[in-house]
Each structure stands twice: as C-alpha cells, then as structure tokens.
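Just so you know, ligand 1 is whichever comes first in the structure, and atom 1 is the first atom listed for that ligand. All values below come from the heavy atoms of this structure, side chains included, with hydrogens, waters and symmetry mates left out.
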Amino acid sequence: MRKYFIAGNWKMNHSISETIEYCRQLRVKGLKNISSDIVLFPPSISIQSMMKTLEDTPVKIGGQNMHQESDGAFTGEISSEMFADSGCEYILIGHSERRQYFNETNELVNKKLKKALGSNLKPVVCIGEKLEEREAGKTSDVILEQLKNGLKDIAKADMQNIIIAYEPIWAIGTGLTAKPEQAQEIHSLIRNVIKNDFSEHLGKNLRILYGGSAKVKNAKSLLSEKDIDGLLIGGASLKVDAFYKIIQIAENLTIN
Ligand code: PGA
C-alpha cells in the first residue's frame, strides 16, 4: 500500500536560525500521528540544526544535490557518503534548476543516481518538460527520454528505493500549476514505463510526486488523482502554516 509523500524543497532559502524556528513551530503544530511520509530538503548548511530540532518526529531530511564522486578536489561540493553520514535519508537528483543553471544532463543524473543508491540514500529523481516542449507536443518524448537515460542500467532491486518527481518546468515557481488531469496523464505514463521496463510490481508501487506551484489551494485536487502519490513543494513549503496545511490535506485523503 502506497503512502502519501509530502516533501518541501526549500532551495536556497531560510538561514539556520530561520530553520530552527520553522521546525520548532512545525513540532508545536503536532507531528505525532502523521502517517504520510514527510521530508524536508533544506540547504545543506542547515541539515544538522534541522535534524536536532526535529529529533523524535517522523520528519525525514534530504539533500538538494550531491556530487557523483566520493571525495576529492571538488571545491564546494558534497558527496552522497557525506549526506548519508549526516543522517539524511533522501537526496534530490536532477532538479530542473540543476539541469538549467548547472548544465546537468540525463547522463549525469544517471551517474548521481547510481552513486546515491550505493550510499543507501533514497533518490527523488526530478523530470519534466519545458513550456516550448509542451507546446510542440513533445512532452511524452521528453519524459520518455529522461526516464530512459536517467534510469539506464538501474537494477530492479534498486528501483524500489527510487521516487520520481514529475515537475513541468513551466509550472515551477510560476504560479501556474498543471491541471490535475494534465499531471495525471504524465504520472500514468511514468508508471507504465516502470511497469514495462522493470516490473508490474515495481511500477505499481512506485511513488510519483507532482511538483510545480503545488500549494494549499490545489493540493487536494492533485493528490486525488490516481497516480499522484505526493507533492514536491517549493515556495509553499517555506511557510510552516502552508506546509502543515498540505500535510493535513494528505492525512485526510486515502490514497487510491
Ligand atoms: P514550486 O517549486 O513549488 O515553488 O513551484 C517546486 C520545485 O521546484 O520543486
């Protein structure tokens, strides 16, 4: 049985002190009986403070990006082993901002993915099309390409630890959300690819998150779609009230 997965991608937002305050408030709101998976992706510098402030709560923590090597002369980078050692359980891989501003390709995503799995991190692999690709009717082609190359040579045993986030680039940070049925169409495509390329069981159990201006107002309609198993929330996760409200929305829905 799949559980909802509600994740907050903070990107380059919130200082350490703001993080501590946010997490204190989140605790006060009540996290005890939460059954969904809740994950926060703060800037790496805040991971330890977040971990301490959220100790003994079900909230898990992840890194926003990692380097594909274990160690070495890569100034400014952090390895998967370091994230795992810091207590992180998850890692974002291939976020569209990494692809757009840091030239990450599907090939690099694939390398990072294998490295993350080798370090026992659970990767959340982000895919999604640009506006011009959607307008040219190429959405499915782009998604298929990203899955084919991003998941190249991934073992079946590893696939069960991978989460996919469908994030149409035109919806990220723009206030434009994909219509629930538009997102559902792509989520269903993604699930079918995993069923065909890996196994029926892995496809059925795969968790596919939607990301792109997900917020309190649209969380219920998105999460009600058959193949939408959770949300990867940027802007709306920065405010503890909004993030908590979305958690409550997921808690009150039953997954299909
Ligand atoms: P957004 O970001 O919710 O601010 O659109 C989502 C994401 O980039 O993961």
Contact partition for Ala171 relative to ligand 1, non-hydrogen atoms under 4.0 Å: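 The part of Ala171 near ligand 1 is the backbone, not the side chain.
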Given that the side chain starts at C-beta and the backbone is N, CA, C, O, which of these parts of Ile172 lies under 4.0 Å from ligand 1, counting heavy atoms, or is it both or neither?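 Under 4.0 Å from ligand 1, Ile172 contributes backbone and side-chain atoms.
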Is a side-chain donor-acceptor pair under 3.5 Å present for [Y] with [X]?
X	Y	value
Glu129	Tyr166	yes
Thr177	Ser213	no
Ser80	Lys115	yes

So, for Trp10 and Tyr22, is the gap between ring centers shorter than 6.0 Å?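 Ring-ring flag for Trp10/Tyr22: true, centres closer than 6.0 Å.
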For Gly212, is the nearest heavy atom under 4.0 Å from an atom of ligand 1?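 Gly212: in contact with ligand 1 (<4.0 Å).
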So is Lys215 in contact with ligand 1, going by heavy-atom distances below 4.0 Å?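 Lys215 does not count as a contact of ligand 1 under the 4.0 Å cut-off.
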Do Lys204 and Asp227 sit within salt-bridge range, that is, some charged N less than 4.0 Å from a carboxylate O?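 No, this pair does not count.
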Ion pair Arg99/Glu104, N-O distance below 4.0 Å: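 Salt bridge flag = no for Glu104 with Arg99.
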Determine whether a donor-acceptor pair (N or O, by modelled atom type, separation under 3.5 Å) exists between the side chain of Asp229 and the backbone of Ile208.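 Confirmed, Asp229 side chain pairs with Ile208 backbone.
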Please determine whether side-chain contact (heavy atoms from CB on, under 4.5 Å) holds for the pair Leu147 and Ile164, giving the CA-CA distance in whole Å, both sets of side-chain angles, and the decisive distance to 0.1 Å. CA-CA 9 Å; Leu147 287 174; Ile164 306 270; 4.0 Å; yes
Pull out every atom of ligand 1 sitting under 4.0 Å from any heavy atom of [X], numbered as shown with elements.
X	result
Ser213	1 (P), 3 (O), 5 (O)
Asn9	9 (O)
Gly173	1 (P), 4 (O), 5 (O)
His95	7 (C), 8 (O), 9 (O)

Out of the candidates Lys122, Arg207, Lys60, only one should pair with Asp37 under the salt bridge (charged side-chain N to carboxylate O under 4.0 Å, His left out) rule; please name it.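 Answer to the salt bridge (charged side-chain N to carboxylate O under 4.0 Å, His left out) test with Asp37 among Lys122, Arg207, Lys60: Arg207.
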Are any of the N/O atoms on Ala236, whether in the backbone or the side chain, positioned under 3.5 angstrom from an N/O atom of ligand 1?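 No - when backbone and side-chain N and O of Ala236 are compared with those of ligand 1, no distance drops under 3.5 Å.
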Any nitrogen or oxygen of Thr174, main chain or side chain, under 3.5 Å from a nitrogen or oxygen of ligand 1?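 No - when backbone and side-chain N and O of Thr174 are compared with those of ligand 1, no distance drops under 3.5 Å.
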In the protein, what heavy atom is nearest to [atom], and what distance, to one decimal place, separates them?
atom	result
atom 3 (O) of ligand 1	Gly234 N, 2.8 Å
atom 9 (O) of ligand 1	Glu167 OE2, 2.6 Å
atom 4 (O) of ligand 1	Gly235 N, 2.8 Å
atom 2 (O) of ligand 1	Lys11 NZ, 3.3 Å

